[in-house]
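Just so it is clear, the structure is predicted and the values come from calculations on it, not from any experiment. Throughout, a chain's letter reflects where its sequence line sits, starting with A, and its residues are numbered from 1.
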2 protein chains.
Amino acid sequence: MRISYRDVKAEILNRIRNNTWPLGSNLPSEIDLAKEFGCARATMNRAMRDLVDDGILERKRKAGTKVKQSPTRRAQFSIAVVRDEVEQAGAKYSYSLIERNVLPAPSWLCERIKMKIGEPVLHIKCMHYSGKHPYQYEDRWVNLDVVPAANDFDFEDIGPNEWLLQQVPFTDGELVFSAINAPEDIARFLKAPVDSALFSIERTTWLEDKSVTYAQLYFARDHKLTSRI
Amino acid sequence: MRISYRDVKAEILNRIRNNTWPLGSNLPSEIDLAKEFGCARATMNRAMRDLVDDGILERKRKAGTKVKQSPTRRAQFSIAVVRDEVEQAGAKYSYSLIERNVLPAPSWLCERIKMKIGEPVLHIKCMHYSGKHPYQYEDRWVNLDVVPAANDFDFEDIGPNEWLLQQVPFTDGELVFSAINAPEDIARFLKAPVDSALFSIERTTWLEDKSVTYAQLYFARDHKLTSRI
DNA sequence: AAGTGGTCTAGACCACATT
DNA sequence: ATGTGGTCTAGACCACTTT
């Protein structure tokens, strides 16, 4: 049977485990290893590239391939649309707009997303529910210069998260996870005690070089985010 | 110039953006697209596989390739060794053991990691510092059946996290992020007010089918975890 | 049965980093 | 200058799914 890149990966991992190639050590070159394994160079290449992607190996031209000193599998999880998140858990999703305003961008916002002070932004506060239970409180700012259509949308029935996805299919972004003591107003909406610990995600999104939106998401008490690694 | 898989990716993303291929729609087959783009099938294949990995496309044999309904870039970040985390931030790392005990596995632990009630486990509590400041409180359980060498190691100078990495180079695992109100003892070590919101990670690790360790990590107040997406 | 993606091969040339 | 990885090509066969 022919050698698959999966077989190659498995064998490389074995050799790291049994200390044939200790942490930090150098591996033979692609070409040599391909010969040894009896596969094409492309197959060996794919296996090794995969392992770089998995956080196990490091490669540099000329310098060669080595086992990372601290192999770290990369955590991977997708931040889905809230609706999907709730529905995948088997619950009924519902949404409710709290507040919608257009106003000039405050200066603190301009430090976070690339836009000029005073330019019009849409500010939205809303709630997401899982069945009857509060699921997430969302506080979002949308750059009207980049997404002018948001000016004409009322967000009464559809959340900004879902709506934006239609307008701007995908984007680059940054996620920041943290914990925060529930402020009074958010606590009320999430039906949580004031000052209880809430899991929070800040999400900044841009398209090319333009900032699209900045959102602070506060999850209901005891929410957990799980990730295979 | 020859067409690179990067060029192909970029063009595919463009066509999704400008609605040539709306969310949920089907793309032409690899072979047809390769012809249109003037590249080899392998190049088109790599581009499309990459986009699957990026969370933009879905592929199924015979059924073909389609744009995902909710494209989600996968968040990726590596959970590093605490020492590296601190040192990369330019601070001096230090470690301090709080408590080290060997005891029979309590039943709640056996529900989380695969081991039998009463089998010996090592329980460690320790602190990680960034300069003078508390950085992380760690509460860890190690399966002595899988890592018997832990029995003979005192963990006075080296944290279990770093030590385990040497013993068990890499592992599969699960991460759970959450927020918690600081209990009294942990608050004391982290120099945070009791009940202040702490960012917490639970980490479960296994090797093949054997559970290696379960750790609860509590970060200092206002700690943030950042991730490109 | 047929269409689509999944993968392997053998060869080639290029790009980069070190010497 | 040289060695190593990065990538493209053209062709082949396989594997899965749907018809």
Q: Measure CZ/R59(A) against C1'/dC16(C) and give the value in whole Å, please.
A: 14 Å
Q: For F37(A), enumerate each residue passing the ring pair (Phe, Tyr, Trp, His ring centres under 6.0 Å) test, keeping only those at least two apart in sequence or located in another chain.
A: none
Q: Shortest non-hydrogen contact from Y129(B) to P134(B)?
A: CD2-CA, 3.5 Å
Q: Listing time: all N or O pairs from protein to nucleotides 17-19 of chain D that are below 3.5 Å?
A:
none

Q: Under 4.0 Å between a side-chain nitrogen and a carboxylate oxygen: does that hold for E30(A) and R59(A)?
A: yes
Q: For DNA chain D, find the residues of residues 39-54 of chain B with a heavy-atom distance under 4.0 Å and give them by number; none if there aren't any.
A: C39(B), A40(B), R41(B), A42(B), T43(B), R46(B)
Q: Quick one: salt bridge (Lys or Arg N to Asp or Glu O under 4.0 Å) partners of K224(A), sequence neighbours excluded?
A: E202(B)
Q: Can you name the salt bridge (Lys or Arg N to Asp or Glu O under 4.0 Å) partners of K9(B), sequence neighbours left out?
A: D50(B), D54(B)
Q: Checking side-chain polar atoms at under 3.5 Å, does D84(B) have a donor or acceptor matched by the opposite partner on S70(A)?
A: yes
Q: So, using ring pair (Phe, Tyr, Trp, His ring centres under 6.0 Å) as the criterion, who are the partners of H223(B) when residues are at least two apart?
A: Y135(B), F219(B)
Q: Give DNA chain D the dot-bracket treatment, 5' to 3': Watson-Crick (N1-N3 with N6-O4 or O6-N4) or G-U (N1-O2, O6-N3) under 3.5 Å, [ ] crossing, | other strand.
A: ||||||||||||||||||.
Q: Looking at residues 2-16 of chain A, who's got a heavy atom less than 4.0 Å off DNA chain C?
A: R2(A), I3(A), S4(A), Y5(A), R6(A)
Q: So which atom in V146(A) and which in S211(A) form the shortest heavy-atom distance, rounded to 0.1 Å?
A: CG2-O, 3.3 Å
Q: Report all side-chain donor-acceptor pairs from residues 156-166 of chain B shorter than 3.5 Å, counting only partners two or more places apart or in another chain.
A:
residue, atom, partner, partner atom, Å
E162(B), OE1, R83(B), NH1, 3.0
E162(B), OE2, R83(B), NH1, 2.6

Q: Which residues pass the salt bridge (Lys or Arg N to Asp or Glu O under 4.0 Å) test with D172(A), not counting sequence neighbours?
A: R73(B)
Q: Output the residues of residues 24-35 of chain B in contact with DNA chain D, where contact means a heavy atom of the residue under 4.0 Å from an atom of the strand; sort by number or write none.
A: none
Q: Find the distance L57(B):CG to dT4(C):P and express it as a whole number of Å.
A: 16 Å
Q: So, using side chain to side chain donor-acceptor pair (under 3.5 Å) as the criterion, who are the partners of D152(A) when residues are at least two apart?
A: none
Q: So does T65(B) get a side-chain nitrogen or oxygen closer than 4.0 Å to the phosphate oxygens (OP1/OP2) of dG5(C)?
A: yes
Q: Salt bridge (Lys or Arg N to Asp or Glu O under 4.0 Å), that's the test. Do R15(B) and E36(B) meet it? Break it down for me.
A: CA-CA 14 Å; R15(B) 295 193 186 183; E36(B) 189 202 320; 2.9 Å; yes
Q: So, applying side-chain hydrogen bond (donor to acceptor under 3.5 Å, both in side chains) with H128(B), which one of Y137(B), Y93(B), Y95(B) is it?
A: Y93(B)
Q: Assess, by modelled atom type and distance only, whether the side chains of R112(B) and T204(B) contain a donor and an acceptor separated by less than 3.5 Å.
A: no
Q: Which pair of non-hydrogen atoms, one from I3(A) and one from T43(A), has the smallest distance, and what is that distance?
A: O-CG2, 4.0 Å
